[in-house]
Each structure stands twice: as C-alpha cells, then as structure tokens.
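Accompanying notes for the structure given below.
So that the names make sense, note that chain A is the first sequence line, chain B the second, and so on, each numbered from 1. These numbers come from a predicted model, not from an experiment.
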2 protein chains.
Amino acid sequence: MIRVLVVEDDPTTAQAHAQYLGRLPGFALAGIATTGSAALRLISESTREGADGIDLVLLDMHLPDMDGLEVCRSIRSARLTIDVIAITAVRDLPVVREAISVGIVQYLIKPFGYPAFVEKLESFASYHGRLTDPATPTTQAAVDSALASLRSTAPGQLPKGLAADTLGAVTALLARADVAWSATELSDHLGLSRVTARRYLEHLAGIGQAARESRHGGSGRPEIEYRWRR
Amino acid sequence: MIRVLVVEDDPTTAQAHAQYLGRLPGFALAGIATTGSAALRLISESTREGADGIDLVLLDMHLPDMDGLEVCRSIRSARLTIDVIAITAVRDLPVVREAISVGIVQYLIKPFGYPAFVEKLESFASYHGRLTDPATPTTQAAVDSALASLRSTAPGQLPKGLAADTLGAVTALLARADVAWSATELSDHLGLSRVTARRYLEHLAGIGQAARESRHGGSGRPEIEYRWRR
DNA sequence: GGCCCCGTGAACAGTATGAACACAAGCAGC
DNA sequence: GCTGCTTGTGTTCATACTGTTCACGGGGCC
C-alpha cells in the first residue's frame, strides 16, 4: 500500500484528487493539506515512531504560504526519502527544470482528467514496487529499468481529429502572452487555415482552458476571440 | 555546450572520466574536484557574475569529507538548477532511491565502460536540449517526452524491428543538412518504403534525436516532417 | 534440411486538414 | 421598425497523408 499526502490550496480540487486516489487500488490517502506549512507538519508527524509513514506527496506548486518547490526542498533537507509528484497550472519550462532537479518523479499539468492521473500514479507504483522489493538486484540494468518505468511515455488521449503537435503549437502561442486571439489571427500566425485554428481553439474552450469573448465595434458580424485561462 | 564538473575522490578515476568527456562532442569539462567541499566551492564560484555556469555534475557518492547525497542536498538548498548524474560503486537499493529523490537524473554503477558512459550523457544532452529550447511548448506531452529521453535504453541495443545499418543511413542523411524531411521524401531518397522510413524517423523522435513538425498549407492531411536535433 | 526469428514493404482503413458555402450577427440608412 | 450591406461564423466534404496489419523473404541455428 502506498500512502499519499495531497497538498493543494483549493479544497474542491484537493477533494477531487482524493477521490481520484480512492478509485485506485494500491493507494491510500494519508491526509490533505491546504498550505505548505501544514504539509510539512503532517510529514514530520508521520515520521514519528509508530506512525504510518508517507510514501508519496501530490504537491501543488502554487500554495498560499510558500512555493511548492520550497516545500520540496524542505523535505529534502530533512533527509526524508519521500517521493513527490508535482501538480501545477504553471506553464513555464524553467519551473519544470527546477522541479525535476529537486527530485520530483512526475510532473502533471493542470487541468488533467482521470486517465492522465492514473497513468502517472500507476507508473510511480511500478517504480516504487521495483525499488522497495528486496529481491531486486542492484545492477545497472535493474536501476535503468526502474527509472524507465517511471519515465515511460504513454500516448496522451486526444479527441479524434486533433493532432498533439498542432495543439502544442496553438497552446504555446496562446499561453505566451495575455492577449486574446481570434481564429483568423491565429491561423495567419501559425500557417494554418481558419477552420483548423478554430477547431483547436474550440477544443481548448471546451475543456475550460480558453475563454471565449466577442469583439464588437466594427461593422459586420462580431469576431470571437479566445483568451488563455491560467 | 554542456559544462560538466567531475567530482571523484580517486585522481586516476577522475582523469579517466575527464578523458571520456573529452571524446564526447557537445560537452566541456568545467573542472575536477576530489572532495565534496571543493566541489561546492567550484560550483558557488561558477555562479558568480561573468563566470561560465556549470550545467551538470558527475558526482561520486563516496567522498572523503562528505556523502555525495549531502553534496546534492547542498546544491538543492542553494536553489541552483544544476543537474546531477550519480556515480557509485555502492550496490544498495535505499541509496538508489534516496539519490533519485534528491533529483539525480541518471545513476551509473561502477565499474562501467565508455559505452555506458556515452549512453547516459547523450540521453542527458537530449533531455537538456529539449528543456532549454525556447521553442519547446510547455504541454504535458512535451514534458513527458523530455522525461522519456532520460530513460535509457541498454547500450548498443536497438528496439526489435530496427537494423543498425538502416538507422545509420537515415541518421547520416538527416544530420547532413538543416532541412526537415518527411517520411515519403526520405524513403524516395534512400530507396526504402515509406513505412520503414517512418519507423526509423519515429524512433529518432522517440529518443529525442529528431523533432516532429506538421507541414501545413496544402489541402488534405498535413505531412509530418522530421528535423535533426543538434 | 527444417525451423524460427526478424527486418521489410504492399495494402488498407483511418484521420487531420482546408476549400467552398450557407448562414448569422452586427451596423447604417431610411 | 425594416432593408441592405458587410464581415465573420460554423459546417460539409474531398483530399492527401498517416498509422497499422500482415505476408514475405532471407539469414542464422540447431
């Protein structure tokens, strides 16, 4: 059984993660913390004699009192061998790099659905099982294979008709600045047709990642613009 | 260029690692340290204004003054985003787990030969290149794929279905110029079928050696082009 | 020789894309 | 208000490329 601490400032989201966890066999909820200091207190309590230890932390990077990276550093300097899965809405490569460098084992970008959640936790379970099994030999091959199970690449589920590459290009442009794009503007910029740009923008609006607004003023039918939601 | 610091208590072994590094294009030796404190001093000097930063540390776990894990923790608490490859003769699973938890990206067990060394550093170069490339979109798929390039495939062993000489022909053509090839173009040029060309190009994309892009514009489903990654 | 394994490509079903088009929503003039 | 005009939306469908399956041929090994 892998005991998991959920750290997330929004109570609703924290509950959702806890419920996701409840549906997964092999995992047990060890607690919920809504601040970084609460998380560190729960963790230090769990290391006491007789208490059930915590194996894994689902750690939101955005917390009211301190940065998620800071929480992770505190865990490390306390010499606790607790694994961390980072969860964040921040789309910033340097943050990803830093998170990996402080030893997070998985990186989940919000918003995500149950399948993405399951994939990350299952792969962690596989990794954890290998490295805690005393029968595992300490050979280069065994270590490589354990790391591989952690970093296995699984195909992300996209609706039919959408390509991961194109979606990546659209989100990269949209998320870069706080400006709203119309389908036509985006298509000009990326070398796509308006129809295709619209398809991807509508998808992002559908999953709540983009907000739709009407651009009034000129003559003719108003233009619809899409703004990235953080 | 990836700047590397070699940390190893035995001078002969340290020299050997530095020589291995010298034979690898894309990497530069930033220094050699034989103790933990010397390593930390070199690292803190390298972060000064005007100095060349250190990107990667080849860190032996066994050092005269302090544990390699302790060196790693010090780097973390100094908030430096420096990646670490652990090198050790210790065959102990808990040490492996703890090393991974403090954020090492690769784990090399001594003794190892040049091929194993190359494999670990090349896969790191691929990972590093992806996460420092500003063109990389911050999507779940991109992060997963960057992490996947850290996953090592056993040295010299190709996935089943791929032949070494065919792969050689493909990489030779791809790497020659900075143009992107579609699977069909490549197959025409090499006298292969499109299916086979695609297999090898997908393999290169999977290990991060090629970048995939969609070629939009014309009518019909877009063509995927593959560009060599340096 | 008989057997098995593996790299290859022909064939085919599936799927991202954009040209074309019918329609909808605003504005201006009366 | 109604009418016309202008501009962008939303949908359909041909299209070209993708991704997968499966049979073949050649090479190593009992």
Assign each of L162(A) and G161(B) to its nearest nucleotide of DNA chain C by heavy atoms, then name whichever residue's nucleotide is nearer the 5' end.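 Taking each residue's closest nucleotide, the earlier one in sequence belongs to G161(B).
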Hey, which sits more toward the 5' end of DNA chain D by its nearest nucleotide, G220(B) or T184(A)?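 Its nucleotide being nearer the 5' end, the pick is T184(A).
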In a check of salt bridge (charged side-chain N to carboxylate O under 4.0 Å, His left out) between E225(B) and each of R215(B), R212(B), R198(B), which one passes?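 That would be R215(B); it is the only one of R215(B), R212(B), R198(B) passing the salt bridge (charged side-chain N to carboxylate O under 4.0 Å, His left out) with E225(B).
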For D165(B), which residues count as a side-chain contact (heavy atoms from CB on, under 4.5 Å) partner, sequence neighbours excluded?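 With neighbours one apart ignored, the set is A163(B).
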Under 4.0 Å between a side-chain N/O of [X] and OP1 or OP2 of [N], yes or no?
{"X": "S193(A)", "N": "dT17(C)", "result": "no"}
{"X": "Y200(A)", "N": "dT17(C)", "result": "yes"}
{"X": "R198(A)", "N": "dT9(D)", "result": "no"}

Between [N] atom [atom2] and [X] atom [atom1], what is the distance in whole Å?
{"X": "E223(A)", "N": "dT6(D)", "atom1": "CD", "atom2": "C1'", "answer": "13 Å"}
{"X": "R194(B)", "N": "dG19(D)", "atom1": "CZ", "atom2": "P", "answer": "8 Å"}
{"X": "D188(B)", "N": "dG9(C)", "atom1": "CG", "atom2": "P", "answer": "12 Å"}
{"X": "L158(A)", "N": "dT15(C)", "atom1": "CG", "atom2": "C1'", "answer": "13 Å"}
{"X": "H203(B)", "N": "dT8(C)", "atom1": "NE2", "atom2": "P", "answer": "13 Å"}
{"X": "K160(A)", "N": "dT18(D)", "atom1": "NZ", "atom2": "P", "answer": "18 Å"}
{"X": "R221(B)", "N": "dT15(C)", "atom1": "CZ", "atom2": "C1'", "answer": "5 Å"}
{"X": "L190(B)", "N": "dT8(C)", "atom1": "CG", "atom2": "P", "answer": "11 Å"}

Measuring from the side chain of I224(B) (C-beta onward, heavy atoms only), which nucleotide among dG9(C), dA25(C), dT18(D) has the closest atom?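 The listed nucleotide nearest to I224(B)'s side chain is dT18(D).
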Measuring from the side chain of V195(A) (C-beta onward, heavy atoms only), which nucleotide among dA25(C), dG19(D), dT11(D) has the closest atom?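 Within the option list, the nearest is dT11(D).
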Donor-acceptor pair under 3.5 Å, R215(A) side chain vs dG26(C) base: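 It does not, because no donor-acceptor pair links the side chain of R215(A) to the base of dG26(C) below 3.5 Å.
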Could you tell me whether the side chain of R199(B) has a donor or acceptor atom within less than 3.5 Å of a complementary atom in the base of dG19(D)?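 No.
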Using a heavy-atom cut-off of under 4.0 Å over every strand shown, decide if S219(B) touches base, sugar-phosphate, or nothing.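 Result for S219(B) = sugar-phosphate.
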Assign T166(A) to base, sugar-phosphate, or nothing according to its heavy-atom contacts below 4.0 angstrom with the strands shown.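 If one applies the 4.0 Å heavy-atom cut-off, T166(A) turns out to touch the sugar-phosphate alone, with no base involved.
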Using every non-hydrogen atom in the two residues, find where I104(B) and C72(B) come nearest and quote the distance to one decimal.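 Distance-wise, the nearest heavy atoms are CG2-SG, 4.3 Å.
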May I ask you to check whether F112(A) and H17(A) place their ring centers less than 6.0 Å from one another?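 Aromatic pair counts; centres sit under 6.0 Å.
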So is R23(B) actually on top of Y114(B)'s ring, under 6.0 Å and inside 45° of the axis?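 Cation-pi check for R23(B) and Y114(B): passes.
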